[in-house]
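The structure appears below as C-alpha cells.
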Amino acid sequence: QVQLVESGGGSVQVGGSLTLSCTATENILDKYCVAWFRQRPGKEREGVANTNPYGATNYADAVMGRFSISTVIDEKNILYLNMHNLSPGDTGVYYCATKYRAQGYMCGFTTGFYNVWGQGTQVTVSS
C-alpha cells in the first residue's frame, strides 16, 4: 500500500516560517483525502489542514490565516504545508495522513477516518 514520508521539520523562532512536505509513494492527491495533523506535547493528535480529491481545502481554526496547503502541478504525490507566523503553541510532531483507496470528498479531522499515516516530523518553535 502507499507510504507517506514527512519532511521539512525543524527548529524556528517565534514568528518564523517552515514548509513541511508529505511525499507519497504513489499519486494520491487527485484520488483521496489527504490531511495534516499534529500532536503537541501533552495533547491529543489534532487536525490542521486537509484537501479533498477536487482540491478543496479546509483548515483548523487555530491555524487559519497562518497555514496553507499547496501542491505543484504534475506532482500528485507531494503535499506541502506552509506555516507562517509560528508560535510556541505550534510546537509538536506533524503527521501526514490519507484515506487510502476510499472515494469521497468530505475530508474531516477525525483521526480514525484516515487509514495510512506517515511517521511524523518534529516542529519546534522557540521564543
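This structure is a prediction, so every number in the text was calculated from the model and none was measured.
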Rounded to the nearest 0.5 Å, what separates atom CZ in R45 from atom OH in Y114?
13.0 Å

Is any side-chain heavy atom of M83 less than 4.5 Å from a side-chain heavy atom of L20?
yes

Shared hydrophobic cluster, V123 / M64 (ILVMFWY, side-chain heavy atoms < 4.5 Å)
yes

Between K99 and F113, does a side-chain contact (heavy atoms from CB on, under 4.5 Å) hold up when you go through it step by step?
CA-CA 7 Å; K99 180 71 169 178; F113 176 82; 3.8 Å; yes

In this structure, CZ of F109 is separated from CG of N58 (nearest 0.5 Å) by 4.5 Å

Please examine the side chains of Y95 and E6, heavy atoms only from C-beta on, and report whether any two atoms are closer than 4.5 Å.
yes

Is there a side-chain contact (heavy atoms from CB on, under 4.5 Å) between T91 and Q122 once you walk through the steps?
CA-CA 8 Å; T91 293; Q122 175 71 44; 4.0 Å; yes

Under 3.5 Å donor-acceptor, Q39 side chain and G92 backbone:
no

Give the table of side-chain donor-acceptor pairs shorter than 3.5 Å for residues 24-37, with sequence neighbours excluded, one pair per line with atom names and distance.
unit_1, atom_1, unit_2, atom_2, d
T25, OG1, Q3, N, 2.9
E26, OE1, Y100, OH, 2.9
E26, OE2, Y100, OH, 3.2

Measuring from S17:OG to N85:CG, what's the distance to the nearest 0.5 Å?
8.0 Å

Would you call N82 and S68 a side-chain contact if the rule is heavy atoms closer than 4.5 Å?
yes

In the structure I gave you, are the side-chain heavy atoms of K43 and R38 within less than 4.5 Å of one another anywhere?
no

Ignoring hydrogens, what is the shortest heavy-atom contact between C107 and N52? Give both atom names and the distance.
SG-CB, 3.4 Å

Determine whether a donor-acceptor pair (N or O, by modelled atom type, separation under 3.5 Å) exists between the side chain of Q119 and the backbone of V5.
no

Heavy-atom side-chain contact between P88 and V14 under 4.5 Å:
yes

For the atom pair OG (S21) and CG (L4), what is the distance rounded to the nearest 0.5 Å?
12.5 Å

Check: Y59 side chain, I69 main-chain N or O, donor-acceptor pair, under 3.5 Å
yes

Check the hydrophobic clustering (I, L, V, M, F, W, Y; side-chain heavy atoms under 4.5 Å; chains of links allowed) and say if V93 and V116 are grouped together.
no

Output, in order, the C-alpha distance, side-chain angles, deciding distance and verdict of side-chain contact (heavy atoms from CB on, under 4.5 Å) for T71 and I78.
CA-CA 7 Å; T71 61; I78 304 177; over 6 Å; no

For the pair R101 and Q1, evaluate side-chain contact (heavy atoms from CB on, under 4.5 Å) and give the outcome as yes or no after the intermediate values.
CA-CA 9 Å; R101 291 187 175 173; Q1 71 172 14; 5.9 Å; no

